[in-house]
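Both counts, for ligands and for their atoms, begin at 1 and track the order of listing. Keep in mind that this is a model prediction, so the values were computed, not measured.
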Amino acid sequence: MVKHENPNVYVVDSRANRPPVLPRLGQRPRRAGAAQTLLFLLVSVALCGMTIEACFIYRLYFLEPAASASSSRITGGDDVTSTTKRPSYDVLPSKPVAHLTGGNDVVHGQQILAWSMIAEPILHEMGYSDSDRSLIIQKEGYYYVYSKVFFLEKGTFYHSVEMNTGMYPGKSMILQRSRKYSSRKSKGRSNSYLGGVFHLYKDDALFVKVSNTSKIQQHKSFENYFGAYMI
Ligand SMILES: *[C@@H]1O[C@H](CO)[C@@H](O)[C@H](O)[C@H]1NC(C)=O
């Protein structure tokens with residue numbers, strides 16, 4: 001009897017093992033639910049992406065004429081000249097910046113270089129005074145100031161960036177200078193580059209001075225330049 005009962009017990013045990021199977025069967029709808037949620041999420045993400053894309057396309061075609069001109073270039077529009085056009089300033093600099101170059105319109109002083117207002121200068125939150133041939137600071141701060149000139153090596157030459165400031169009226173301050181000594185018979189040409197950081201105040205007037213502007217070589221506007229930007 002005991003031997004008969006034991007197999008029964010084992011049978012009961014094996015049945016007791018089954019219940020874990022039943023919940024597994026019951027999990028099916030739960031898995032389907034998770035899959036549905038995932039599908040819903042994926043579709044939502046796709047729809048969001050399409051909506052954002054639609055917004056970008058709308059902006060490109062109806063709100064930014066410059067940008068739509070460039071897109072016509074991509075689609076093979078016959079407007080070939082637009083490819084050579086400089087990008088328009090849709091994005092303004094976040095800080096004051098200036099970059100001036102030489103040009104056919106400039107008239108230098110004896111020692112102070114003038115900068116072109118037709119050779120597409122960059123002037124943002126900074127001014128240029130034609131009469132003083134100076135960059136005028138409009139916002140106080142730290143600026144990186146630089147200048148490069150291309151010059152005739154003959155005798156003594158110097159290149160400096162100087163400043164007229166309200167703190168020392170009537171006197172110009174030298175911010176940076178380079179020098180070059182060559183023989184008087186030299187026919188060589190050389191470049192001088194200056195760059196450095198300075199604390200500048202509103203209405204400070206920066207200008208580039210050389211020992212004699214007759215030594216400045218100006219074949220192309222990008223050979224001589226002067227600029228500053230707030231850091
Ligand atoms: C600059 O050079 C020119 C020609 O070489 C000369 O006549 C003039 O006196 C010079 N100016 C200065 C300020 O040295």
Suppose we measure from [atom] to each protein heavy atom; which comes out shortest, and what is that distance?
atom	answer
atom 14 (O) of ligand 1	Asn212 ND2, 3.3 Å
atom 13 (C) of ligand 1	Gln110 OE1, 2.9 Å
atom 4 (C) of ligand 1	Ser214 OG, 4.0 Å

Parallel, tilted or perpendicular: ring planes of Trp115 versus Phe226, cut at 30 and 60 degrees:
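Plane angle between 30° and 60°, so tilted.
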
Ligand 1 and Gln111, any nitrogen or oxygen pair closer than 3.5 angstrom? no

So is Ser211 polar-close to ligand 1, meaning N/O to N/O under 3.5 Å?
no

Q. Is there a side-chain contact between Tyr225 and Val149 (heavy atoms, below 4.5 Å)?
A.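 Result no, sub-4.5 Å side-chain heavy-atom pair not found.
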
Side-chain heavy atoms of Glu162 within contact of Ser172, under 4.5 Å = yes

When you measure from the side chain of Asp132 to the backbone N and O of Ser134, does any donor-acceptor pair fall under 3.5 Å? no

TODO: Apply salt bridge (charged side-chain N to carboxylate O under 4.0 Å, His left out) to the pair Glu140 and Lys202, showing each step before the final yes or no.
DONE: CA-CA 5 Å; Glu140 184 195 333; Lys202 187 180 184 297; over 6 Å; no

Practice task
Answer yes if a protein heavy atom lies under 4.0 Å from atom 7 (O) of ligand 1, otherwise answer no.
Solution key: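 Protein heavy atoms within 4.0 Å of atom 7 (O) of ligand 1 - there are none.
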
Protein contact for atom 11 (N) of ligand 1 (heavy atom, distance under 4.0 Å) =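 It does: a protein heavy atom is found less than 4.0 Å away from atom 11 (N) of ligand 1.
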
Under 3.5 Å, is there a donor-acceptor pair linking the side chains of His159 and Ser192?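 His159 vs Ser192: donor-acceptor pair found between side chains.
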
